[in-house]
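What you see is a predicted model; the values in this text were computed from it and never measured. Here is how names work: the chains are called A, B, and so on, in the same order as the sequence lines, proteins then strands, and each is numbered from 1. Hydrogens, waters and symmetry mates are skipped; everything else that's a heavy atom, side chains included, is used.
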Amino acid sequence: MNDRNGRRERKSCRMVRADLDAYGDADGARLLSAAAHKKIGRHLAGCSACRAEARALRQVIAAVAQFARPEPPPALRERLLAQVHAEAASAPQIEPAQLRPARSEGETVTIRVEHAGRIEMRQHWTTEAARCRRRVSAITVVAPASVPPVPAVRLREQRREQHGNRFTLYESVQTA
Amino acid sequence: MHADEAQTRKRDDDLPDERLMARMAQNDVPAFDALFGRHRQAVFGFARRMTGEETAAEDIAQETFLRLWRARHVYRPAAGATLRTYLLTITRRLVLDHARRRPPWACPAEAPSEQSSECANPPNVLAARELAERLEAALTALPAELREVALLRDAQGMRYDEIARITGCPLGTVKSRLNAARLRLRATVRAYLDEEDV
């Protein structure tokens, strides 16, 4: 009889311990159901071994939280800013007024540049043709230097065109 | 001039990430600088503890922030996602790439202890430092999939759902990995923990 009680106790300990770390974690506790909360609380009240385990886990969590956050070397910021300044200088300044949907010649359309199935960047291009109501017939590059030079590309809505052998351009013309 | 710069920086520091990202899309470098200042320790710290290598962590942090800059026109956070989640997702991918490139026999170099003059410290401070060192070593010894969840949750304070997003794992997997990581850490540092029952 005692042996059966012992087995039952060990089983309930095992079940509680699977959630014990979450119970002691502010975010993890949120994920536990109210019933699980109640069950663990009840079990801890009567089981000193699990209480000790819960306390130890809380101490581990607190100790890792107190790890010093390593500071990157100052040279990293300098290198990054130098690179970013150089790239910003070669990129066009896009005025907020240019960001509205293209409707006529000289206005801006948004084009997603995709490579190998991934969106590389979304850029704003200025149209040079008049037929822009639902279709863009040609575009002029107003893109950063990081985009390969594209003098004029014929685009149709929802139509994919291969440009050279590097990029596929999808138009994403937001017409009014 | 310097006062103006300091004031601008102070103002940038108060802006939410989304506002700074919107300014970055207009090629605003100070906005990038403010975001770097805000997230540098999280990105570098995660890379440093995942790779165990200072130089690799620096390279990974640099690449992470450059990718952020280059994605300034395409950055569209998914619902509930934060910029920190986005950055740590990139960092994690770069860490995995680094681990794949590293020859199997290469062991990560341990970081030198920052303090060496222990003589003047009282015993409890020494014990706490020793515990921290053991814990760091235990963390380094964890399999990468357990180490990353422990770092993201307990050192970085990311939520479970954010960790699921970063690692691309279901929430249940995050929960069980976190449990496994904490149990291993708890076993390693058992001798240092206060066993007194409450």
Side-chain angles (χ1 to χ4, degrees), chain A residues 17-22 24-28 30-32 48-49 51-57 59-73 75-77 79-81 83-85 87-96 99 110 112-113 119-124 143-144 146, chain B residues 25-29 32-33 36-37 40-45 47-49 54 57-58 61-62 65-66 69-74 76 111 114 128 131-132 135-136 139 150-151 153-161 171 175-176 178-179 181-183 185-186 189-190 192-198:
Chain A
R17 287 190 186 193
D19 287 327
L20 216 45
D21 73 303
D25 178 312
D27 191 50
R30 250 179 354 100
L31 300 174
L32 294 174
S48 60
R51 230 169 25 243
E53 186 68 18
R55 186 160 189 270
L57 284 168
Q59 285 178 314
V60 165
I61 293 169
V64 176
Q66 280 170 7
F67 272 4
R69 285 188 158 197
E71 183 71 43
L76 175 64
R77 175 174 174 263
R79 274 202 309 276
L80 272 170
L81 286 181
Q83 177 85 24
V84 160
H85 268 297
E87 291 188 16
S90 63
Q93 290 296 321
I94 300 169
E95 296 301 321
L99 298 178
T110 305
R112 290 190 309 175
V113 179
I119 297 177
E120 292 280 331
M121 59 185 70
R122 183 173 303 180
Q123 294 292 353
H124 305 285
S146 51
Chain B
Q26 302 295 317
N27 298 328
D28 186 319
V29 177
F32 170 81
D33 194 20
F36 172 76
R40 70 186 191 283
Q41 283 185 326
V43 168
F44 179 76
R48 172 72 186 79
R49 289 212 158 84
E54 186 85 6
E58 205 179 321
Q62 177 168 329
F65 282 102
L66 273 181
W69 169 257
R70 288 170 185 160
R72 63 196 184 280
H73 297 301
V74 289
R76 298 283 183 279
E114 284 176 9
L131 168 63
L135 208 52
E136 289 236 36
L139 201 68
L151 281 172
R153 175 65 200 136
D154 295 336
Q156 302 271 357
M158 305 300 287
R159 295 193 314 265
Y160 280 56
D161 60 317
L171 201 58
K175 197 164 164 275
S176 61
L178 200 47
N179 180 264
R182 285 165 171 171
L183 286 178
L185 292 177
R186 187 251 182 280
V189 299
R190 192 183 292 266
Y192 293 86
L193 295 177
D194 185 2
E195 296 291 346
E196 181 190 327
D197 191 13
V198 270

- Whatever's closer than 4.5 Å to a heavy atom in chain A on B/Phe36 counts as side chain
- Under 4.5 Å heavy-atom distance to chain A, tell me which part of B/Leu178 shows up: side chain, backbone, both or neither. both
- Does a donor on one side chain sit under 3.5 Å from an acceptor on the other, for A/Glu87 and A/Gln83? yes
- Heaviest contributor of heavy-atom pairs below 4.5 Å to chain A, chosen from B/Asp28, B/Asp161, B/Leu66, is B/Leu66
- Query: Looking at B/Gln156, B/Lys175, B/Glu58, which makes the most heavy-atom pairs under 4.5 Å with chain A?
  - Reply: B/Glu58
- Message: Do A/Val60 and B/Leu183 make a side-chain contact, defined as non-hydrogen atoms from C-beta onward lying under 4.5 Å apart?
- Response: no
- Message: Using only atom types and a distance under 3.5 Å, with no angle test, would you say the side chain of B/Arg153 pairs donor to acceptor with the backbone of B/Ala150?
- Response: no
Checking [X] against chain B: side chain, backbone, both or neither under 4.5 Å from a heavy atom?
{"X": "A/Arg17", "value": "backbone"}
{"X": "A/Arg79", "value": "side chain"}
{"X": "A/Ala62", "value": "neither"}

- Message: Using a strict threshold of under 4.0 Å (side-chain N to carboxylate O), is an ion pair present between A/Glu71 and B/Arg48?
- Response: no
- Item | Short N-O contact, B/Arg49 and B/Glu136, less than 4.0 angstrom | yes
- Quick one: list whatever passes salt bridge (Lys or Arg N to Asp or Glu O under 4.0 Å) with B/Arg182, sequence neighbours left out. A/Asp21, A/Asp25, B/Asp154
